[in-house]
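Here is the structure we will look at.
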2 protein chains.
Amino acid sequence: MIESKLTKNQSMVHTCLTQENGPMTAYAILDALREKGFRAPLQVYRALEKLTELKLVHRLESMSAFVACQHGTCEHSGAAVFAICDTCGTVAEFAAADVSKSLESHVKENGFVLKKTTIELRGECRQCYAV
Amino acid sequence: MIESKLTKNQSMVHTCLTQENGPMTAYAILDALREKGFRAPLQVYRALEKLTELKLVHRLESMSAFVACQHGTCEHSGAAVFAICDTCGTVAEFAAADVSKSLESHVKENGFVLKKTTIELRGECRQCYAV
DNA sequence: ATATGTAATGTAATAACATAACATACGAGA
DNA sequence: TCTCGTATGTTATGTTATTACATTACATAT
């Protein structure tokens with residue numbers, strides 16, 4: 001598994017996020033890992049940077065939080081889409097190849113070189129809406 | 001024009017963003033408006049909240065900044081898409097009805113009630129790429 | 001004109017998120 | 001062993017956003 005390449009701190013942060021099974025802010029991660037010796041935000045941010053680079057973790061821009069990739073390591077065809085429930089905080093991640101393709105073509109027309117796509121959907125999940 | 005409904009502070013913030021013709025952080029707006037009497041972040045944030053609600057201003061989540069809607073008041077069919085140049089900072093805003101439609105259908109399958117869509121594309125614009 | 005209610009504004013303090021700068025440790029080759 | 005790159009630790013600081021409370025402005029009822 002890819003985890004084997006991770007350093008101690010990276011691994012701890014990844015495990016923390018995976019167990020949480022939902023988004024956490026960097027400072028929430030820090031608090032969770034204090035008992036394991038973490039002392040400063042930078043320890044978390046450095047690990048998150050690497051994990052994000054490896055696509056083991058995604059950053060949710062609209063809530064300044066981080067979530068473990070729901071596909072282990074992320075190999076979508078195209079950009080990831082996140083559906084975030086404002087009520088319970090759960091995040092569903094999925095690929096939408098057609099969306100990516102469409103955005104790319106829109107953008108190419110204008111000579112824009114696309115490097116990173118952020119798509120975040122806010123709303124209410126089925127369970128919460130039912131209540 | 002809709003501006004007539006704005007309060008003094010809201011109007012000043014909107015004018016500031018419109019003149020800038022690009023994204024500004026809340027604190028950049030604050031600094032720009034200090035000479036006009038602004039003293040505290042909250043004055044800016046309150047105005048931005050209202051302007052965002054009216055869709056005269058959009059928040060760019062991936063850069064914690066705000067930009068005046070490039071269509072005056074925003075009446076896209078579907079969600080707005082922002083293409084942000086990481087080199088020069090310019091933002092192009094466009095509608096992508098097909099993208100919105102596709103995202104909506106993806107999401108409906110799972111009973112997710114969509115309230116807000118964020119789509120931000122980071123990369124390099126034609127001019128910057130040419131250099 | 002005065003009282004009252006409501007929206008907007010002002011101000012200070014602080015919370016929440018993120019990075020800079022520098023010191024130290026530690027393992028993989030020369 | 002040396003040393004070079006990578007990871008880590010630590011302090012301080014920078015940046016973004018909100019809470020809490022006081023005051024002002026303005027509309028309208030009395």
Side-chain angles (χ1 to χ4, degrees), chain A residues 2-17 20 22-54 56-67 84 86 89 91 116 118 120 122, chain B residues 2-17 20 22-54 56-67 84 86 89 91 116 118 120 122:
Chain A
I2 290 185
E3 291 232 12
S4 59
K5 293 189 167 189
L6 300 181
T7 67
K8 200 173 105 235
N9 283 4
Q10 287 158 16
S11 177
M12 283 195 284
V13 168
H14 187 234
T15 298
C16 178
L17 268 176
E20 178 75 8
M24 294 178 85
T25 67
Y27 279 73
I29 294 169
L30 174 58
D31 285 339
L33 293 179
R34 274 191 202 283
E35 57 182 26
K36 307 216 167 148
F38 274 51
R39 312 290 300 282
L42 203 46
Q43 295 175 288
V44 176
Y45 280 108
R46 283 201 277 234
L48 286 172
E49 184 182 10
K50 187 67 175 180
L51 292 168
T52 301
E53 193 183 312
L54 295 172
L56 289 169
V57 164
H58 302 292
R59 170 160 199 209
L60 301 176
E61 305 286 354
S62 68
M63 55 192 301
S64 297
F66 301 84
V67 67
I84 303 164
D86 289 328
V91 174
K116 183 167 192 308
T118 297
E120 296 179 18
R122 307 293 294 254
Chain B
I2 289 181
E3 290 232 10
S4 61
K5 291 187 167 189
L6 300 180
T7 66
K8 200 171 104 246
N9 284 3
Q10 287 159 15
S11 178
M12 284 195 283
V13 168
H14 186 236
T15 298
C16 178
L17 268 175
E20 178 76 7
M24 295 179 84
T25 67
Y27 280 75
I29 294 169
L30 174 57
D31 285 340
L33 293 179
R34 275 190 203 284
E35 57 182 27
K36 307 217 169 153
F38 274 53
R39 313 290 302 279
L42 199 46
Q43 295 175 290
V44 176
Y45 281 108
R46 283 201 276 233
L48 286 172
E49 184 181 9
K50 188 65 176 183
L51 292 168
T52 301
E53 194 184 311
L54 295 173
L56 289 169
V57 163
H58 302 292
R59 176 174 181 175
L60 302 176
E61 305 286 355
S62 68
M63 55 192 301
S64 297
F66 301 83
V67 67
I84 303 164
D86 289 328
V91 174
K116 184 167 190 309
T118 297
E120 297 179 19
R122 305 294 293 254

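Please read all numbers here as calculations on a predicted model, not as lab measurements. Just so we're on the same page: letters track the sequence lines, and every chain starts at 1. All heavy atoms count here, side chains included; hydrogens, waters and symmetry mates do not.
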Review point. Given D:dT10, is OP1 or OP2 found less than 4.0 Å from the side-chain N or O atoms of A:R39?
Key: yes

Study note, to complete from the structure: When rounded to whole Å, the NZ to C1' distance for the pair A:K8 and C:dC26 reads 12 Å

Review point. Is it true that the side chains of B:S62 and B:E120 contain a donor and an acceptor less than 3.5 Å apart?
Key: yes

Point to revise | Heavy-atom side-chain proximity of A:L6 to A:L51 below 4.5 angstrom | key: yes

Exercise for review: Please tell me which of the listed nucleotides, D:dT11, D:dT19, D:dA17, lies nearest to the side chain of B:L42?
Suggested key: D:dT19

**Study point:** Distance, rounded to the nearest Å, where A:L48 contributes CG and D:dT8 contributes P
**Key:** 13 Å

Exercise for review: Could you tell me whether A:R46 contacts a base, only the sugar-phosphate backbone, or nothing, with contacts defined as non-hydrogen atoms closer than 4.0 Å?
Suggested key: base

Point to revise | Position toward the 5' end of DNA chain D (nearest nucleotide), A:K50 or A:A40 | key: A:K50

Review point. Could you state the CZ-P distance from B:F38 to C:dT9, rounded to the nearest angstrom?
Key: 8 Å

Check your understanding: Would you say A:M63 and A:I84 make side-chain contact, with heavy atoms under 4.5 Å?
Key -> yes

Review point. Within less than 4.0 Å of OP1 or OP2 of C:dC17, is there a side-chain N or O belonging to A:R59?
Key: no

Exercise for review: Check the distance between D:dT8's C1' and A:L33's CG and give it to me in whole angstrom.
Suggested key: 15 Å

Review point. With respect to the phosphate group of C:dA8, does any side-chain polar atom (N or O) of B:T7 fall under 4.0 Å of OP1 or OP2?
Key: no

Point to revise | Under 3.5 Å donor-acceptor pair, A:Y27 side-chain atoms to C:dA15 base atoms | key: no

Study note, to complete from the structure: To the nearest angstrom, the NZ-C1' distance between A:K5 and C:dG27 comes to 17 Å

Point to revise | Salt-bridge contact B:R46-B:E49 (side-chain N to carboxylate O under 4.0 Å) | key: no

Check your understanding: Does a side-chain N or O from B:S64 land closer than 4.0 Å to OP1 or OP2 of C:dC17, or not?
Key -> no

Check your understanding: Rounding to a whole Å, what distance do you find between A:M24:CE and C:dA16:P?
Key -> 15 Å

Review point. Hey, is the side chain of A:Y45 poking within less than 4.0 Å of OP1 or OP2 on C:dT19, counting only N and O atoms?
Key: no

Exercise for review: Tell me whether the OP1 or OP2 atom of C:dT9 has a side-chain N or O from B:Q43 closer than 4.0 Å.
Suggested key: no

Point to revise | Listed nucleotide nearest any side-chain atom of B:P41, set D:dT16, C:dA18, D:dA17 | key: D:dA17

Point to revise | Side-chain heavy-atom pair A:V13, A:V57 within 4.5 angstrom cut-off | key: no

Study note, to complete from the structure: Separation of D:dT16 atom P from B:D31 atom CG, nearest Å, is 10 Å

Check your understanding: Just how far, in rounded Å, is C1' of C:dA8 from CE of B:M12?
Key -> 12 Å

